[in-house]
Structures are given as C-alpha cells and as structure tokens.
Amino acid sequence: MCGIIGIVGHEVVNQTIYDALTVLQHRGQDAAGIITSDEKVLYLKRGNGLVRDVFYKQDMRMLQGNMGVGHVRYPTAGSSSSSEAQPFYVNSPYGISLAHNGNLTNADQLKKELYKEDRRHINTNSDSEILLNIFAQELSRQGAYKVHKEDIFTAVAGVHRRCRGAYSVVAMITRDGIVGFRDPNGIRPLCYGARETEKGLEYMLASESVALATQGFELIRDIMPGEAIYITNGGNLHLQQCAENPQYNSCIFEYVYFARPDSIIDNVWVHKARMRMGHKLADCILQNWSEHDIDVVIPIPDTSRTAAAEIALMLDVKFREGFIKNRYIGRTFIMPGQTKREKSVRQKLNPIDIEFKGKNVLLVDDSIVRGTTSREIVQMARSSGAKKVYFASAAPAVRYPNIYGIDMPAANELIAHDRTDEEVADLLGVDRLIYQSLNDLIASVREGDATLEKFDCSVFDGKYVMDEGREYFEKIEAQRNDLSRSNKGSTIAIDLSDATE
C-alpha cells in the first residue's frame with residue numbers, strides 16, 4: 001500500500017507536498033519521494049525511510065516549482081531498496097514522472113512487451129516503473145510535438161487495455177501538467193480537490209481526502225474507476241472516462257485498516273463505516289452469546305478504537321484503554337519482514353495491568369492477518385492478570401492472498417488460511433474468537449453509499465476481480481520467499497533473461 005500526491009499550484013509546492021505526505025505516512029513507511037517542476041527543470045529527492053528522515057532543509061530548498069508529485073511507499077512487488085523509491089522518471093516523451101499505488105498482476109508480460117516491441121528498458125523490479133513506461137509508450141504513439149488533453153486520455157485508454165491489476169496513478173509531464181487515473185475497477189483510491197488563492201485555483205490529487213483537508217483543499221470528488229484527470233500547468237482541468245467497462249470494485253480493506261478514519265473514500269466516511277462495523281459485531285455477540293460475561297472492552301490501538309467503543313456501548317460494558325502505544329514505532333502490519341514485526345510488537349504496545357487484572361476482557365482489533373501481533377497481545381493480557389481473554393475482529397477471517405497492492409501475498413503466512421475459527425482461537429490462545437461476517441462488513445461500508453455495489457473482498461472470500469490463474473499465485477509466493485532471504489542492500493540486479501527469450 002502506498003500514498004500518492006499530485007499538485008498544480010501558483011507558488012512553490014514543495015512544502016505542501018511534504019506536509020501532505022506526512023498525513024499519508026500511515027500508507028507506507030519504507031520510502032518517500034518528491035519531484036517538482038518549474039516547467040523547465042525537474043527537481044527530485046527520494047530515499048528510504050519516513051518523510052521526516054528523507055527530506056532536509058537543503059532538499060526542500062532545492063525542490064522548486066509550482067507542480068509536483070509525492071509518494072510514500074511500503075514494498076509489495078519489488079524490494080525495499082532505495083532504487084525503488086518513487087516517483088520514477090522517464091525522459092521520453094516530454095519527460096514524465098510517476099507515482100503509483102497498487103500492483104500490476106501482468107507485470108512480467110508487460111516487461112517483455114516493453115523490451116521486445118517498445119524497445120524500453122526497465123531498470124528495477126518495480127511494477128511502477130513498468131507502468132510508467134507503458135504510459136510513456138502509449139503517449140509517444142500520439143506523435144504530437146506538444147501534448148494535448150486528447151493525447152493524454154488516449155494514452156490512459158491504452159494503459160487500461162494493456163495493464164491488469166490495481167493502480168491509482170499520479171504523473172507529471174514536466175512542462176505541461178499533472179495527470180491522474182484509476183484502474184477500471186477502482187480498486188485503489190484517488191480523489192481530487194481545489195483551493196482558492198489570490199492567483200486563482202490550485203488543484204491537488206491524493207490517495208485520501210484527509211491529505212486535501214489538512215492542506216486547505218476542498219474535496220471535489222473521487223476519480224471514478226477508469227477515469228483520468230488532466231490539470232494543465234495553467235490550472236485548466238479536464239476529466240474523461242478512458243475505460244470500456246468501468247465498475248466499482250473498491251478494496252474493502254481500505255475501510256477496515258488502511259485509511260485514516262478522517263478520510264472519505266468513494267463517498268464513504270471511513271469513521272462512520274467503522275462505527276457500523278462495531279454495531280454489527282455487537283449485534284453478533286448479543287445474538288449468539290447473549291449470556292456473555294465480558295467485563296471490559298479494550299481496543300488494540302489505533303484502528304480498532306472506533307469499532308470497540310461502539311461494541312462497549314451496545315453491550316453496556318466498560319470501555320477502557322488497556323494498551324499504551326509508542327507512537328514512534330511503525331505499523332507492524334506493513335513492516336517488510338516477519339522478524340521485524342515480531343520484534344516490534346512489544347516495543348510498540350505496553351499494557352496497563354490494572355485494566356486487565358481479574359477481569360474477563362474482550363480485545364477488539366480491526367483484523368487478524370498473520371496473527372503475530374494478536375498472539376503477542378493476548379499473552380500480554382494474560383500476563384497482566386486477565387481471567388479470560390476474548391478476541392473480536394471487525395473484519396472476517398483473512399484466508400487468501402492479496403494481489404492488488406497489500407503486503408499479504410503468501411497464503412501460508414495467514415493464520416486463518418486452511419484453518420477453522422476454533423483452530424485460529426487455539427493458536428491465538430484466546431477463550432473465544434468472534435469474527436465479523438462478510439455480509440455485515442459489506443453492509444457497514446455500503447450504507448455510506450448504496451451505489452457501491454461491489455467490493456474487492458478477495459482476502460476474505462478468495463474471489464478475485466480478475467482471474468489470474470494458479471501459476472500467478474505460485475510465482476508471487478516463490479518471489480516473496482526469495483526476497484525474504486536475499487533482500488539486503490541497494491544493489492540493482494538487472495535480469496533480462498525473461499525479456500530476451
């Protein structure tokens with residue numbers, strides 16, 4: 001999962017991009033990058049680490065220009081080396097910079113096409129660089145000396161025809177403007193807004209609306225599935241549908257975990273969706289466990305707080321903060337590597353013993369993915385004196401890999417894969433485990449916007465928006481195992497064996 005930003009302004013935009021990226025830091029902590037343009041020269045700074053660690057005063061002074069693109073990354077496809085920090089740049093045609101959130105499922109095929117047919121070379125393992133070159137090649141086919149909006153939209157249509165998977169994209173054409181588009185299924189989010197200045201309207205594209213709000217931009221709307229937006233450096237805005245059969249299949253995990261609660265995604269308040277998840281979980285408990293003996297509901301910070309508060313209210317039991325979070329430790333779910341995740345859990349959370357001692361505790365989390373964090377937290381609760389420990393998940397059991405940009409591609413890493421709920425409960429060490437039903441989860445989100453008929457729920461039900469075939473899943477699992485063994489340093493290894501067969 002990544003966060004992307006694009007701005008067309010009337011003044012220098014470096015600070016606005018920087019501040020917006022810090023708001024989206026929850027979407028990726030592996031790397032950050034900013035590229036700006038003064039319509040003549042590009043200025044680029046990117047590197048591994050948090051936004052605050054990548055950019056220094058001298059970097060900000062260097063990032064001149066009234067247009068720019070920003071990115072925060074955590075690794076999905078590719079590796080976590082600094083060579084894969086975004087945005088990426090290609091000089092032909094026009095000079096294009098691109099930041100991408102998502103995952104291309106036909107990246108290998110596209111890489112071969114780019115080498116054999118388009119004579120373009122890919123220098124990293126990132127599918128984002130492949131996407132950049134596909135867009136550049138489609139734009140190059142238009143053959144225009146100066147880019148026009150029709151050329152942009154034709155090129156995006158070409159991207160949709162060639163690329164499979166999930167992609168929200170912000171790209172900058174050095175002298176001309178900013179382009180944004182979503183894949184025809186709208187799996188990954190992207191929205192845009194505007195703010196009034198003395199010199200006229202400025203526009204911003206972002207993964208989440210909260211990035212707009214904090215910088216004084218008013219949310220206009222989400223980019224629709226398959227739609228593209230082009231904002232010229234003069235501030236002229238153009239929108240066009242570029243896909244043949246677009247339809248919403250928004251990733252429902254955005255509402256469960258990834259997005260900030262103060263964001264609006266596809267016209268749904270994330271905070272309200274999580275409140276409804278809590279309501280429905282409480283209903284489930286009351287219907288199936290009316291004689292419960294829960295003394296206190298305790299959330300696992302931070303994403304589950306909203307749902308946990310609603311559960312406690314409906315069950316008429318106490319809501320207590322039982323864990324103190326070290327806010328200088330990253331989100332363990334998006335850390336690249338199981339060892340780092342296991343090590344960081346106890347550094348990240350510390351229990352308040354008095355809230356557990358002698359009580360039957362219901363722990364509430366947004367989801368259970370690998371189970372590493374959950375298992376450690378259950379042990380903390382018992383060590384703090386809890387009589388019984390129950391566990392509720394605001395999402396259904398995560399049983400299947402994600403192939404659309406979330407870092408859970410290997411099924412054998414998922415605690416619920418090929419296991420019953422009772423087996424998962426035993427592994428977690430809890431006295432009772434309560435999962436949200438998928439129907440209730442979908443209803444919790446859809447209530448915010450009834451027009452959202454379909455969601456990508458593949459991690460829960462194994463039904464993928466696109467049929468990638470068994471070979472694809474076997475390949476990404478093998479790649480993940482290889483990366484976990486060999487992902488050290490930042491040396492780039494360029495393998496053309498597949499492309500030249």
Side-chain angles (χ1 to χ4, degrees), residues 4 6 93 96 98-114 117-118 120 127-128 130-144 147-171 173 177-192 205 207 220-231 237-252 254 265-267 402-405 446 449-458 463-469 472:
I4 57 178
I96 304 173
L98 180 142
H100 163 222
N101 173 29
N103 186 47
L104 298 183
T105 58
N106 64 335
D108 288 347
Q109 173 192 336
L110 293 172
K111 184 177 180 180
K112 292 177 182 179
E113 291 177 6
L114 285 167
E117 300 171 16
D118 302 326
R120 288 181 174 269
D127 58 347
S128 302
I130 292 172
L131 182 55
L132 167 60
N133 278 271
I134 292 292
F135 177 59
Q137 185 63 26
E138 293 299 317
L139 194 54
S140 181
R141 294 184 197 278
Q142 311 312 308
V147 70
H148 299 91
K149 65 178 186 295
E150 294 83 6
D151 303 321
I152 297 289
F153 296 139
T154 301
V156 172
V159 171
H160 291 333
R161 286 192 297 270
R162 297 179 68 176
C163 295
R164 291 172 59 89
Y167 49 92
S168 285
V169 171
V170 173
I173 301 174
I178 295 287
V179 180
F181 55 92
R182 288 174 84 178
D183 69 77
N185 290 291
I187 298 173
R188 302 265 72 90
L190 186 65
C191 60
Y192 77 100
L205 295 161
S207 294
I220 296 175
R221 67 173 175 86
D222 298 278
I223 302 299
M224 303 296 286
E227 189 178 36
I229 183 171
Y230 175 46
I231 308 165
L237 185 147
H238 308 278
L239 287 154
Q240 184 169 308
Q241 178 56 251
C242 300
E244 294 180 0
N245 297 298
Q247 61 177 340
Y248 264 115
N249 282 281
S250 302
C251 176
I252 206 163
E254 289 280 354
I265 293 181
D266 290 327
N267 208 35
N402 182 276
I403 60 174
Y404 300 130
R446 184 180 287 155
D449 185 353
T451 64
L452 298 176
E453 296 182 357
K454 295 182 179 180
F455 295 91
D456 170 41
C457 303
S458 53
K463 298 176 183 177
Y464 295 89
V465 178
M466 290 154 276
D467 182 13
E468 306 302 335
Y472 177 78

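Reckoned from all heavy atoms, side chains included, excluding hydrogens, waters and symmetry mates. Values in this document were obtained by computation on a predicted structure and should not be read as measured data. The residues of the chain are indexed from 1 along the displayed sequence.
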*Asks:* Below 4.5 Å, heavy atoms only, C-beta onward: do N101 and P189 meet side chain to side chain?
*Replies:*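 Yes - at least one pair of side-chain heavy atoms lies under 4.5 Å apart.
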
*Asks:* Are E244 and R161 within salt-bridge range, i.e. N to O under 4.0 Å?
*Replies:*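 Not counted as a salt bridge, because no side-chain N and carboxylate O are separated by less than 4.0 Å.
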
*Asks:* Measure across S250 and D266 and return the closest heavy-atom pair with its distance rounded to 0.1 Å.
*Replies:*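 Between these two residues, the closest heavy atoms are OG-OD2, 2.7 Å.
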
*Asks:* Below 4.5 Å, heavy atoms only, C-beta onward: do I223 and L239 meet side chain to side chain?
*Replies:*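 The answer is yes; the side chains approach within 4.5 Å.
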
*Asks:* Within a strict 4.5 Å, meaning less than it, do heavy atoms of the I187 and Y167 side chains meet?
*Replies:*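 They are not in side-chain contact.
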
*Asks:* Looking only at heavy atoms, which two atoms of S458 and D456 are closest? And how far apart?
*Replies:*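 It is OG-OD1, 2.9 Å.
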
*Asks:* Using side-chain heavy atoms (C-beta onward) and a distance below 4.5 Å, is P225 in contact with N185?
*Replies:*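 No, their side chains stay 4.5 Å or more apart.
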
*Asks:* Any side-chain heavy-atom pair from I173 and I152 closer than 4.5 angstrom?
*Replies:*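 Heavy-atom side-chain distance check passes, below 4.5 Å.
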
*Asks:* Are any side-chain N or O atoms of N106 and backbone N or O atoms of R164, one a donor and one an acceptor, separated by less than 3.5 Å?
*Replies:*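 Pair found, side chain donor or acceptor close to backbone of R164.
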
*Asks:* What distance do D449 atom CG and N267 atom CG have between them, rounded to the nearest 0.5 Å?
*Replies:*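 CG of N267 is found 4.5 Å from CG of D449.
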
*Asks:* Could you check I4 against V169 for side chain to side chain contact (heavy atoms under 4.5 Å, CB included), going step by step and ending with a plain yes or no?
*Replies:* CA-CA 8 Å; I4 57 178; V169 171; 5.7 Å; no

*Asks:* Is a side-chain donor or acceptor of N133 paired with a backbone partner of I130 at a separation under 3.5 angstrom?
*Replies:*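 Here the side-chain-to-backbone pair does not exist.
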
*Asks:* For the atom pair SG (C457) and CD1 (I252), what is the distance rounded to the nearest 0.5 Å?
*Replies:*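 The CD1 atom of I252 is 4.0 Å from SG of C457, to the nearest 0.5 Å.
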
*Asks:* Using only atom types and a distance under 3.5 Å, with no angle test, would you say the side chain of S168 pairs donor to acceptor with the backbone of R182?
*Replies:*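 Judged by distance alone, no pair lies under 3.5 Å.
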
*Asks:* Can you sort out the partners of Q241 under side-chain contact (heavy atoms from CB on, under 4.5 Å), two or more places apart, ordered by chain and number?
*Replies:*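 If we apply the side-chain contact (heavy atoms from CB on, under 4.5 Å) test to Q241, skipping adjacent residues, the hits are E227, A243, P246.
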
*Asks:* Can you tell me how far the OH atom of Y404 sits from the CE atom of M466, to the nearest 0.5 Å?
*Replies:*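 These two atoms lie 4.0 Å from each other.
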
*Asks:* For residues L131 and C163, report the shortest heavy-atom separation together with the two atoms involved.
*Replies:*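 Closest pair (atom of L131, atom of C163, distance): CD1-SG, 3.8 Å.
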
*Asks:* Identify, with sequence neighbours excluded, every residue that meets side-chain hydrogen bond (donor to acceptor under 3.5 Å, both in side chains) alongside Q137.
*Replies:*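 With neighbours one apart ignored, the set is R120.
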
*Asks:* For E453, check side-chain contact (heavy atoms from CB on, under 4.5 Å) against everything at least two apart and list the hits.
*Replies:*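 For E453 there are no side-chain contact (heavy atoms from CB on, under 4.5 Å) partners, ignoring immediate neighbours.
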
*Asks:* Please list, chain by chain and in numerical order, all residues satisfying side-chain contact (heavy atoms from CB on, under 4.5 Å) with R446, sequence neighbours excluded.
*Replies:*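 Counting only residues at least two positions away or on another chain, R446 forms a side-chain contact (heavy atoms from CB on, under 4.5 Å) with I442, F455.
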
*Asks:* Which atom pair, heavy atoms only, marks the closest approach of V179 to V156?
*Replies:*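 In terms of heavy atoms, the two residues are closest at CG1-CG2, 4.5 Å.
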
*Asks:* In this structure, which one of K111, E113, K112 forms a side-chain hydrogen bond (donor to acceptor under 3.5 Å, both in side chains) with Q109?
*Replies:*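 Exactly one pass, corresponding to E113.
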
*Asks:* Indicate yes or no for a side-chain donor-acceptor contact from D127 to the backbone of A107 under 3.5 Å, with no hydrogens or angles considered.
*Replies:*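 Not a single qualifying donor-acceptor pair exists.
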
*Asks:* Taking C-beta and beyond as the side chain, do R188 and C251 meet within less than 4.5 Å on heavy atoms?
*Replies:*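 Counting from C-beta outward, R188 and C251 do come under 4.5 Å.
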
*Asks:* Are R141 and D118 close enough for a salt bridge, meaning some N to O gap below 4.0 Å?
*Replies:*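 A salt bridge links R141 with D118.
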
*Asks:* Backbone N or O of P184 within a donor-acceptor pair of the H160 side chain at under 3.5 Å?
*Replies:*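 No, the answer is negative, given that no donor and acceptor are paired below the 3.5 Å cut-off.
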
*Asks:* What residues, two or more places apart in sequence or in another chain, satisfy side-chain hydrogen bond (donor to acceptor under 3.5 Å, both in side chains) together with D222?
*Replies:*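 Here no residue qualifies.
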
*Asks:* Taking N103 for its side chain and I403 for its backbone only, find out whether a donor-acceptor pair lies under 3.5 Å.
*Replies:*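 Such a contact is found between N103 side chain and I403 backbone.
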
*Asks:* Which residues pass the side-chain contact (heavy atoms from CB on, under 4.5 Å) test with H238, sequence neighbours left out?
*Replies:*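 Scan of H238 (side-chain contact (heavy atoms from CB on, under 4.5 Å), adjacent residues dropped) gives K149, F153, Y230, T232, N236.
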
*Asks:* Are side-chain heavy atoms of I229 and L190 found at a separation under 4.5 Å?
*Replies:*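 No, every pair of side-chain atoms sits at 4.5 Å or beyond.
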
*Asks:* Can you tell me how far the OH atom of Y192 sits from the CD1 atom of I231, to the nearest 0.5 Å?
*Replies:*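 Answer rounded to 0.5 Å: 8.0 Å.
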
*Asks:* Hey, does L114 have a side-chain heavy atom less than 4.5 Å from the side chain of I134?
*Replies:*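 In contact.
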
*Asks:* Taking all non-hydrogen atoms of both residues, which atom of D151 and which atom of A144 are closest, and how far apart?
*Replies:*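 Here D151 and A144 meet closest at OD2-CB, 3.6 Å.
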
